2 protein chains.
Amino acid sequence: MVNGKPNFVTVAHVGIMEMTSISLGMNKSHYTNQGIKENKTFSVNLPSVSMVRETDYCGLVSGKNEDKSVLFTTFYGVLKTAPMIEQCCVNMECELVKVVDFPSHDVFVGRIVEAYCDEQVLSGGAVDVGKVQPLLFVMNDRSYWRVGARVAGAWDVGRELMQ
Amino acid sequence: MVNGKPNFVTVAHVGIMEMTSISLGMNKSHYTNQGIKENKTFSVNLPSVSMVRETDYCGLVSGKNEDKSVLFTTFYGVLKTAPMIEQCCVNMECELVKVVDFPSHDVFVGRIVEAYCDEQVLSGGAVDVGKVQPLLFVMNDRSYWRVGARVAGAWDVGRELMQ
């Protein structure tokens, strides 16, 4: 939320700090940064492969010049100041807990307060990455990629080497 | 490098801070943490799908009890105290720049000092994610997944919406 309007930006530099905290590394020139600093909240919305055009567009134009609030249907959760995107099948609302300063980037660390998803992407009560079809971003070839097949179970397939 | 020996751990909670800095979120109970704090260096080695057993094994057993230095052929770069894995086709050696403290986790932020790769994973001089075949880790279903097909070009496919 920036200057009273929802704004959306495509973020390449993301991270998981621990189970409930995530990070967004955002160049200090971005319009969205001031909104996060003012509200001390932000949302993270996972775009599926079908949303590749809208996702890329949000990274091509700035909220300084274009009203990106008209692109999506928004909804709000418990934090009230973190608009989320109904068209994204996984949404998280976050409370800002820390800003780690880098020369050209603000790294915003947020605690996930609540998460939302479409029922269609659930399998046995958990979000199924195969159904979400999230976009992966690769900087090297400046491209979006999709997630492929499941390979093996974690904390499991390596047991063979335990003898 | 812990207590004079290379040690390797599987890290799920990773992040990109900005172009040259990455993060590792590691539970404070891990054996590797003390080595990173002592040496102020670490390496990041990307395992391919073909290394799923070894990768999972490194997350199942601790360097406190098992000597994991015997699993791989190691090599060293400019930092001298960050052993890297020859069997991984992409390696980065990092200088510790910051430890962000969380209740149960140390988040180690490192600046990438040098990166190495196998020539076979290059396309036009850049690392090709399709050739690397990196393992993706999904916590929800406790599984490893592979990267699928390329979807579209970034800073490009969204131009259609710029009219």
Side-chain angles (χ1 to χ4, degrees), chain A residues 10 12-19 21-23 25-27 49 52-61 71 98 100 102-105 107 109 123-124 126-130 135-162, chain B residues 10 12-19 21-23 25-27 49 52-61 71 98 100 102-105 107 109 123-124 126-130 135-162:
Chain A
T10 313
H13 299 149
V14 296
I16 301 177
M17 305 280 98
E18 40 82 58
M19 295 301 284
S21 299
I22 54 184
S23 67
M26 293 171 59
N27 194 289
V49 164
V52 67
R53 273 171 201 79
E54 292 81 356
T55 305
D56 195 50
Y57 177 79
C58 285
L60 279 167
V61 301
L71 286 171
K98 213 173 284 220
V100 186
F102 284 83
S104 59
H105 283 64
V107 176
V109 176
S123 290
V127 170
D128 182 335
V129 72
L135 282 174
L136 307 176
F137 173 67
V138 177
M139 184 68 87
N140 282 357
D141 64 355
R142 298 176 140 241
S143 296
Y144 302 102
W145 291 66
R146 64 172 73 230
V147 174
R150 181 179 174 278
V151 176
W155 294 290
D156 182 38
V157 66
R159 287 187 195 281
E160 297 171 27
L161 302 180
M162 285 178 86
Chain B
T10 314
H13 298 151
V14 296
I16 302 176
M17 305 280 100
E18 39 83 60
M19 295 302 283
S21 299
I22 54 184
S23 68
M26 294 173 57
N27 195 288
V49 164
V52 66
R53 274 169 199 79
E54 291 81 356
T55 304
D56 195 50
Y57 176 80
C58 284
L60 280 166
V61 303
L71 285 170
K98 215 173 282 219
V100 187
F102 284 83
S104 59
H105 283 64
V107 176
V109 176
S123 291
V127 170
D128 181 334
V129 72
L135 282 174
L136 305 177
F137 173 67
V138 177
M139 184 67 88
N140 282 356
D141 64 354
R142 299 176 140 242
S143 294
Y144 302 102
W145 290 67
R146 65 170 73 228
V147 174
R150 182 180 176 277
V151 176
W155 293 289
D156 181 37
V157 67
R159 287 187 194 278
E160 296 173 28
L161 302 181
M162 285 178 87

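Computed over heavy atoms, backbone and side chain alike; hydrogens, waters and symmetry mates excluded. Because the structure is predicted, anything quoted here is derived from the model rather than measured. Naming convention: chains lettered A, B, ... in sequence-line order (proteins, then strands); numbering from 1 in each chain.
In this structure, chain B has a heavy atom under 4.5 Å from the side chain of A/Phe102, while its backbone stays farther away. Contacts between B/Val14 and chain A at a heavy-atom distance below 4.5 Å involve the backbone alone (N, CA, C, O). The contact between A/Val52 and chain B is made by backbone and side chain atoms together, counting heavy-atom distances below 4.5 Å. A/Ser123 does not touch chain B: none of its heavy atoms, backbone or side chain, sits under 4.5 Å away. Looking at A/Met139, the atoms closer than 4.5 Å to chain B (heavy atoms on both sides) all sit in the side chain, from C-beta outward.
Between chain B and the residues A/Ser104, A/Gly59, A/Gly124, A/Gly15, the most heavy-atom pairs under 4.5 angstrom are made by A/Gly15. Interface remark: of the candidates B/Tyr57, B/Phe137, B/Trp145, B/Trp145 forms the most heavy-atom pairs closer than 4.5 Å to chain A. The candidate with the highest count of non-hydrogen atom pairs below 4.5 Å against chain B, out of A/Gly158, A/Ala126, A/Pro103, is A/Gly158.
The shortest non-hydrogen separation linking A/Met17 to B/His13 is O-CB, 3.9 Å. Minimum heavy-atom separation, A/Leu60 to B/Arg159: CD1-N, 3.6 Å. A/Val61 approaches B/Met162 most closely through the heavy-atom pair CG1-CE, 3.8 Å.
Residues A/Glu18 and B/Val107 fail the side-chain proximity criterion, which asks for heavy atoms closer than 4.5 Å. The side-chain heavy atoms of A/Leu136 and B/Leu136, taken from C-beta on, include a pair separated by under 4.5 Å.
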Please list, one pair per line, the donor and acceptor atoms closer than 3.5 Å that link side chains of residues 147-157 of chain A to other protein atoms, with sequence neighbours excluded.
residue  : atom : partner  : partner atom : Å
A/Arg150 : NE   : B/Ser143 : OG           : 2.8
A/Arg150 : NH2  : B/Ser143 : OG           : 3.2

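The main-chain N or O of B/Val127 is found under 3.5 Å from a side-chain atom of A/Asn140 such that the two form a donor-acceptor pair.
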